[in-house]
Amino acid sequence: MVKRATDGISARSKEADELAHAPDVLWAAKGQPITGIGGGRFRLTASTLFFERGTLTTNAQQVPTHQLFDIDMRQSLTQKARGVGDVLVHVHRPSGVEVAVLPDIPHPREAVTIINRVAHEARLAAPLYVRVS
């Protein structure tokens, strides 16, 4: 029984890794928490930022890139020593602003730069009625 449970986890892991290398993916990262367990998987295409977190249960979300603005980074002392940081993504939704945290991302400054660039390009390309500045 334990073997089947772990087989399922590794199959999902392999599937997520394959998605991260899809041709339309501009950026992908796997969170690296200090415990080594439960790091989220994140990937960015020109149109969508995908979040997936959880080990035993999964919480997945997709956000259109034209709704992303104000991408920030924060880094604790221990994260800095490990070369990771949290990327904070401010999402403009019809109901208000939501902040999504991408925790323990390797090379967080690079992630901020890429997500900002893609979001800016998406907002410029979006029709006027959904444009957010």
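Quick caveat, the model's predicted, so the values are computed rather than measured.
- A donor-acceptor pair under 3.5 Å links the side-chain atoms of Thr113 to the main chain of Arg109, judged by distance alone.
- Of the possible donor and acceptor atoms, one in the side chain of Thr65 sits under 3.5 Å from a partner among the backbone N and O of Ala46.
- Side-chain heavy atoms closer than 4.5 Å link hydrophobic residues (I, L, V, M, F, W, Y) into clusters, and following such links, possibly through other members, connects Leu68 to Met73.
- Here the CD atom belonging to Glu121 is positioned 11.0 Å from the CG atom belonging to Asn116, to the nearest 0.5 angstrom.
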Which side-chain N or O atoms in residues 81-89 pair as donor and acceptor under 3.5 Å with protein atoms at least two apart or in another chain?
unit_1: Arg82; atom_1: NH2; unit_2: Gln32; atom_2: O; d: 2.4
unit_1: Asp86; atom_1: OD1; unit_2: Gln79; atom_2: NE2; d: 2.8
unit_1: Asp86; atom_1: OD1; unit_2: Asp104; atom_2: N; d: 3.0
unit_1: Asp86; atom_1: OD2; unit_2: Arg74; atom_2: NE; d: 3.4

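- Interatomic distance, CD of Gln67 versus OG1 of Thr48, reported as 10.0 Å (0.5 Å rounding).
- Put simply, CD1 on Ile114 and CD1 on Ile71 are 12.0 Å apart, with the number rounded to the nearest 0.5 Å.
- Val25 and Leu49 are assigned to two separate hydrophobic clusters, defined by single-linkage of ILVMFWY side chains at heavy-atom distances under 4.5 Å.
- Leu102 and Phe51 get closest at one heavy-atom pair: CD1-CE2, 3.3 Å.
- Side chains of Val99 and Val91 form no contact here, defined as non-hydrogen atoms less than 4.5 Å apart.
- Hydrophobic cluster membership is shared by Trp27 and Val118, with clusters built from Ile, Leu, Val, Met, Phe, Trp and Tyr side chains linked at under 4.5 angstrom.
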Discussion item. Does Arg41 form a salt bridge (Lys or Arg N to Asp or Glu O under 4.0 Å) with Glu52? I'd like the steps, not just the answer.
Written reply: CA-CA 5 Å; Arg41 289 181 173 77; Glu52 186 174 304; 5.2 Å; no

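- When the shell of 6.0 Å around NE2 of His90 is examined, it contains more than 12 heavy atoms from other residues, nucleotides or ligands.
- What you find for Gly31 and Phe42 is that their closest heavy atoms are N-CE1, 4.2 Å.
- Residues Val63 and Val101 do not share a hydrophobic cluster, clusters being chains of Ile/Leu/Val/Met/Phe/Trp/Tyr side chains in contact below 4.5 Å.
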